[in-house]
Structures are given as structure tokens and as C-alpha cells.
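The block underneath contains the structure these notes are about, expressed in C-alpha cells.
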Amino acid sequence: MSVDDREGMEKMVKNISKKDKVAPDFVMLSDPDHAVIDRYGLFNEDSPKKRPFPHPATYVIDREGVVRYRFVEVNYKVRPTNEDILEVLKGL
């Protein structure tokens, strides 16, 4: 989820597609007024970028809307592994 508007999201998809030589195969969500980002407490006012953006986060939310896994990190380069997420999904 990004604070980018539709135009910004399209630009991001084009940049990713150019860099990776393939378009992302997942839906990118736009939250320009950061209503959802705020709800999860992820808005980063101290962003070093030109404008605020959310802290990097990964959530697994079950079909009932219960958060079953949460990984939030300030450093965007630190992410959970696919294996970590798959292990959580196996337990659902």
C-alpha cells in the first residue's frame, strides 16, 4: 500500500516493470489520504524522502479480518522471508 495516487502507482508499476523486465503480478493499493496506513499505525512523518510515506510492513490477515502476522520495520531493506510468510499461511 502506498500514499501515491493512481498516477503515482502507475509510474511505480512502470519503473518496476522496466527494472525487473516483468510487471508485478500482484495488486498495488493506493491510499493517498493514508486512512488505512494510519489505522495500522504505519505513517512515517520522519521520512527522509521529499514527502512522508508508510513504514515498510507485511501483514497476513485471515478471512475473518484478524491479523495473524505482522512485520513492521523502519529499514525498507529488511523484510520477512517468503518462508516466514508461508509458515504463517500454513497455520491458517
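Residue pairs meeting the salt bridge (Lys or Arg N to Asp or Glu O under 4.0 Å) criterion with at least one member in residues 7-18, sequence neighbours excluded, are R6-E10. The list of side-chain hydrogen bond (donor to acceptor under 3.5 Å, both in side chains) pairs with a residue in residues 61-74, not counting sequence neighbours, reads Y59-R70, D62-R68.
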message: Walk me through whether V72 and Y40 qualify under side chain to side chain contact (heavy atoms under 4.5 Å, CB included).
response: CA-CA 10 Å; V72 179; Y40 284 88; over 6 Å; no

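For D31 (side chain) and S2 (main-chain N/O), no donor-acceptor pair under 3.5 Å exists by modelled atom type. Listed for the S30 side chain is a donor-acceptor partner under 3.5 Å among the backbone atoms of D4.
Nearest heavy atoms, V74 versus P56: O-CD, 3.9 Å. Here the closest heavy-atom approach between residue S17 and residue A23 is recorded as OG-CA, 3.2 Å.
With sequence neighbours excluded, the residues forming a ring pair (Phe, Tyr, Trp, His ring centres under 6.0 Å) with H34 are F43, listed by chain and number. The side chain to side chain contact (heavy atoms under 4.5 Å, CB included) test applied to D25 returns no partner, not counting sequence neighbours.
Hydrophobic clustering, defined by side-chain heavy atoms of Ile, Leu, Val, Met, Phe, Trp and Tyr closer than 4.5 Å, groups M28 together with M9, M12, V13, I16, F26.
V3 has its side chain within reach of P54: a pair of non-hydrogen atoms, C-beta onward, lies under 4.5 Å apart.
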Give the table of side-chain donor-acceptor pairs shorter than 3.5 Å for residues 77-92, with sequence neighbours excluded, one pair per line with atom names and distance.
from: R79; atom 1: NE; to: Y76; atom 2: O; distance (Å): 2.7
from: R79; atom 1: NH2; to: Y76; atom 2: O; distance (Å): 3.2
from: T81; atom 1: OG1; to: E83; atom 2: N; distance (Å): 3.4
from: T81; atom 1: OG1; to: D84; atom 2: N; distance (Å): 2.9
from: T81; atom 1: OG1; to: D84; atom 2: OD1; distance (Å): 3.2
from: T81; atom 1: OG1; to: D84; atom 2: OD2; distance (Å): 3.1
from: D84; atom 1: OD2; to: T81; atom 2: N; distance (Å): 3.2

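Here the CG-NE2 distance, from N44 to H55, works out to 4.0 Å after rounding to the nearest 0.5 Å.
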